[in-house]
Structures are given as structure tokens and as C-alpha cells.
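Remarks on the structure that follows.
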Amino acid sequence: MRCNHNLLNYLIGVVALLMMVVIPADSQTAPHPHVIVIGVNGMEWDIIRPLLLRGELPNFAQVIQRGVYGKMRTLSAPNCPKIYSAIATSTPPEENGITGFVVAGRTASTDMLQREPLWSILSGRGVTVGMANVPATFPVMPLNGYMISGMLTRGKGCEDGILCSPKLSEVNGGAAVYPPGLVDELETNVGDFWIDCSRMPSAEELKGKEAETIDHWLLQVSQVRAQQAKLFDYLLSHHRTDFTMLAQSCEDRVGHWLYPIQPYNVGYDPKLHSVRVEAFPNQYRAFDQVLGKILQYVDTNTYLFIISDHGIKPLREFEESRHLYHSAHDHGGNTPIIAKHDYEDGDDVPGSFIAIGPNIKRDVRLMGFAVSVFDIAPTILSLYGIPQPAQMKGRVLTEIFEAPGSQVAVRNAR
């Protein structure tokens with residue numbers, strides 16, 4: 001019996017040793033950080049700042065006071081698929097394969113990506129990932145969680161996928177939801193929602209009935225936002241993931257042709273631009289309400305990033321007179337655009353960056369262009385203790401944390 005007892009103790013000791021070697025100590029004691037990223041396409045500080053001063057964006061103001069904020073350097077001639085792909089891969093368009101809405105005659109899609117995006121890297125390292133409405137994520141990719149595509153999704157009446165809005169039931173040419181079984185659940189609990197904000201009316205559709213057409217289109221914008229808010233709320237409450245990225249594009253779409261410009265601005269038409277001068281600022285008032293709902297899922301241990309791929313500014317005649325600067329599209333065929341973001345000098349239309357978290361500095365403004373679109377992915381990877389891949393061009397934003405490297409220290413302390 002003594003021999004068997006010693007053998008049993010020996011075997012127990014060997015098993016314990018193997019467990020210590022194979023299973024890292026922090027794998028059971030340190031859960032993955034909780035990170036939420038909200039993308040707001042074309043968020044413009046020139047419009048937001050007056051609303052903040054008037055106290056009309058209380059949730060946005062709360063986030064700014066709790067964290068760090070500032071401009072984010074974008075790329076030359078920025079547009080949504082080009083910049084979101086650069087953010088996800090931390091590599092320039094010529095390396096990651098997504099150079100704009102159309103690449104080599106085809107609408108940009110995930111199968112064109114030549115560099116691994118953030119969500120794929122996280123998923124491969126055991127981090128659960130949730131994605132909804134993020135531009136240039138169609139067709140969706142299998143991952144450790146869920147993905148619902150956004151801008152550039154193809155479907156009925158939107159066969160090219162460029163700046164139009166198929167409903168979930170109308171998608172074709174690829175999958176808009178992963179896993180596939182999530183489709184029925186979403187249709188039951190959220191409804192048959194529009195994937196993206198709708199394409200803007202054409203000049204012919206507006207002629208002679210400007211106010212009526214504008215109001216009809218803005219009503220659909222409000223419906224899209226309400227559906228997206230319901231979708232976000234459902235996903236955050238029923239499908240919590242370690243990393244969640246949500247985006248919306250109605251702000252950008254409204255800004256292009258209902259930016260509150262003055263009569264001296266290029267393209268001013270009193271029949272259009274004196275009708276609903278609050279339409280664009282109203283998008284940020286509405287976003288603030290959506291943000292309030294999302295903040296219900298942000299506790300003291302959650303990192304929240306609000307980012308914008310670029311801003312948007314009224315047209316400049318000296319650039320518009322040169323064919324070099326014209327957009328490859330005008331958001332509707334012949335929509336009367338009065339503001340845009342694809343200026344050759346991307347510094348003219350900077351993106352936005354706001355971050356809060358358990359070890360992020362409070363009420364700090366980042367001056368100049370301390371943050372670039374390439375820095376988002378490396379910084380988020382650092383929160384999970386994942387080394388930055390060699391191909392990434394950005395850096396970890398150590399200056400936003402209370403102490404260098406503290407993001408990893410907080411993770412290990414949990």
C-alpha cells in the first residue's frame with residue numbers, strides 16, 4: 001500500500017507540473033479586457049464643438065471629460081473603405097489592397113485584403129469579437145464571435161454596393177452575417193434592418209420638390225439610425241464579446257449635401273441649403289442619444305474608443321476646378337454635393353479620436369496630430385498583450401495611459 005500511495009503522489013505531482021507548464025497562470029485569473037470601438041463616419045469637430053459648448057451633447061461631453069480626445073491624422077484623399085481598412089490593418093492602402101470604393105473595377109470587399117485585419121488577429125488569439133455595420137466588411141469573415149457587414153454590402157437595388165442600402169433580407173452576392181444562424185435571430189429580435197444609410201436623392205429627384213424630398217430622405221435616415229441603435233443594444237446585451245466594433249455612416253451621408261453652408265460657399269443653392277439647416281447638426285444630437293445607450297454597457301473596466309475616419313468640409317473652388325481632385329463618385333449619381341472629405345491634403349479633414357478606460361488619462365486634449373489611423377490597431381492589441389505584427393506601421397499610444405505599459409499591467413492584475 002505504501003508503494004501505491006507513493007506512486008499516486010508522484011503521478012499527482014507530475015500532472016500538476018504539466019498543468020503549470022501547459023496552462024499559463026494568468027489564463028485562468030486574467031480575463032480578456034472589454035473593449036468597445038464606435039466608428040462615426042465623417043465626424044466633424046467644426047460642427048460638434050458648438051454643440052458641446054451649448055450642452056447639447058451630454059453623453060459625448062461626459063466621455064471627453066473622462067478620457068483623452070483630439071484630432072486623428074487620416075490619409076490623403078480619405079474615404080470610408082480606404083481609411084477603415086487602414087485602421088484595421090495599420091498599413092497603407094497600397095499594401096492592404098483597399099484603395100477606395102472601387103479597386104481594379106470592382107467594389108472593394110474583404111477578399112481583397114492583403115494584410116490581416118485587427119479583428120482576425122484578435123480572433124486568432126482567442127479573443128471573442130463582435131462587429132456590426134463597419135464599412136468594407138462584406139462579405140463577412142468567419143471569426144471567434146459574430147460579424148454583420150456595413151457600407152459596401154451588395155443587395156437588391158444596390159448591386160454595386162456603393163453607398164446604397166439593402167435590407168438584411170435583400171442581401172446577395174455574399175454573406176452579410178456570420179455565423180449564418182444569427183440571421184434568423186436578428187430578424188426576430190431586431191427586424192429586417194437596413195445595412196447602411198440610404199443613397200442620397202439625385203438632382204432630378206430634388207427638382208421642384210426640394211423640401212418634400214429632403215424630409216422624406218431624412219425620415220429614412222432617422223429610421224436607419226433607430227434600427228442601428230436597436231441592433232447595437234441587442235448585440236451588446238445578448239452577445240457580449242471581449243472586443244466589439246460598431247459603426248454608422250448617416251452623419252457622413254447627410255453632411256455631403258446638407259452641410260450648413262453660407263451663401264458665399266461653393267455650390268450654395270437657397271432652394272436646398274436654406275431648407276433644413278439643422279439636418280447635419282441633428283445627426284450628432286441623434287448620435288449622442290445612441291451613445292447614451294451604448295454607455296450603459298461601459299463599466300469602469302471597459303475601454304471605449306470613439307473614432308472617425310475623417311472630417312468633412314465645404315467645397316473649395318480652387319480645388320474643384322482641377323480634375324485631379326474630383327471624387328470618383330458623388331454619393332448618388334448626380335447629387336448636388338456641397339461638402340466632401342477626399343481632399344488631397346488629408347490634414348484639412350482630420351478624423352477624431354476619443355478614448356476612456358480604467359487606466360487612461362482623464363480630460364486630456366491631444367494637441368496637433370498625436371494620433372494617426374495607423375495607431376488604433378497596435379494600441380488595441382497592446383490592451384490584450386498581443387505583440388504588434390511587423391507589417392503594422394502604427395505605434396502604441398502610450399501617452400494616453402497613466403503610465404507607460406500600464407495597459408498590460410492592468411490586464412495582468414485582473
Side-chain angles (χ1 to χ4, degrees), residues 24 26 30-39 63-64 66-75 83-93 95-96 113 115-129 131 134 241-245 247 298 300-310 346-347 350-414:
D26 67 347
H32 288 135
H34 187 214
V35 178
I36 298 176
V37 178
I38 305 174
V63 172
I64 287 177
R66 289 173 55 189
V68 299
Y69 65 99
K71 296 182 294 186
M72 182 168 70
R73 172 159 278 154
T74 186
L75 304 180
I83 305 304
Y84 271 92
S85 298
I87 288 172
T89 63
S90 187
T91 58
E95 292 186 18
N96 67 49
L113 278 173
R115 295 291 185 269
E116 188 175 13
L118 173 64
W119 55 84
S120 176
I121 296 172
L122 292 172
S123 181
R125 295 294 292 266
V127 177
T128 55
V129 174
M131 307 275 292
V134 178
T241 52
D242 301 322
F243 173 82
T244 307
M245 186 170 185
V298 177
T300 56
N301 291 318
T302 298
Y303 293 93
L304 174 68
F305 294 86
I306 302 175
I307 61 174
S308 177
D309 47 354
H310 51 71
D347 287 353
S352 303
F353 175 86
I354 304 98
I356 63 174
N359 57 326
I360 289 179
K361 295 176 182 177
R362 298 177 67 91
D363 198 16
V364 172
R365 180 179 179 181
L366 300 172
M367 305 301 289
F369 289 98
V371 181
S372 91
V373 293
F374 298 131
D375 301 332
I376 304 301
T379 301
I380 290 173
L381 288 177
S382 76
L383 296 176
Y384 294 96
I386 299 175
Q388 176 178 334
Q391 71 269 17
M392 287 191 170
K393 307 301 183 186
R395 65 183 182 86
V396 177
L397 297 169
T398 56
E399 67 270 33
I400 73 173
F401 299 99
E402 292 291 352
S406 62
Q407 66 272 27
V408 177
V410 169
R411 173 180 182 269
N412 291 336
R414 290 176 183 167

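Heavy atoms only: backbone and side chains are in, while hydrogens, waters and symmetry mates are out.
- With F353 as the fixed residue, the side chain to side chain contact (heavy atoms under 4.5 Å, CB included) test singles out one of I307, T379, I306: I307.
- Among residues two or more places apart in sequence or in another chain, the salt bridge (Lys or Arg N to Asp or Glu O under 4.0 Å) test is passed with E116 by none.
- If you take OG1 on T244 and CD1 on I36, they are separated by 5.5 Å, rounding to the nearest 0.5 Å.
- Scanning all heavy atoms of the two residues, the minimum distance from P378 to V396 falls at O-CG2, 3.6 Å.
- Checking S85 against N96 by side-chain atom types alone, no donor-acceptor pair falls below 3.5 Å.
- Taking the six-membered ring where the residue is Trp, Y384 and F243 present perpendicular rings, their angle passing 60° and hence far from 30°.
- To the nearest 0.5 Å, the span separating CE on M72 from CG on L397 amounts to 10.0 Å.
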Checking side chain to side chain contact (heavy atoms under 4.5 Å, CB included) for the pair F305/V35: CA distance, chi angles, key distance, verdict?
CA-CA 8 Å; F305 294 86; V35 178; 4.0 Å; yes
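- Within the model, atoms CD1 of I354 and CD1 of I360 stand 12.0 Å from one another, a figure rounded to the nearest 0.5 Å.
- Every residue was checked against the salt bridge (Lys or Arg N to Asp or Glu O under 4.0 Å) condition with R66, not counting sequence neighbours, and none meets it.
- Contacts of K361 classified as salt bridge (Lys or Arg N to Asp or Glu O under 4.0 Å), with partners at least two apart in sequence or in another chain: none.
- By the side-chain contact (heavy atoms from CB on, under 4.5 Å) test, T74 pairs with P78, I83, H310, V373, sequence neighbours left out.
- Note that K393 lies outside the cation-pi zone of F374, set by a 6.0 Å cut-off to the ring centre and a 45° limit from the axis.
- Under the salt bridge (Lys or Arg N to Asp or Glu O under 4.0 Å) criterion, R395 pairs with E399, sequence neighbours left out.
- Under the side chain to side chain contact (heavy atoms under 4.5 Å, CB included) rule, R73 has a single partner from D347, V371, D375, which is D347.
- Here D309 contributes atom CG and I376 contributes atom CD1; the two are 11.5 Å apart, rounded to the nearest 0.5 Å.
- In this structure P389 satisfies the side-chain contact (heavy atoms from CB on, under 4.5 Å) test together with I121, L381, Q391, M392, sequence neighbours excluded.
- One finds the CZ atom of R365 at 7.5 Å from the NZ atom of K71 (value rounded to the nearest 0.5 Å).
- Test T302, V68, T300, L304 against I356 for side chain to side chain contact (heavy atoms under 4.5 Å, CB included) and you get one pass: L304.
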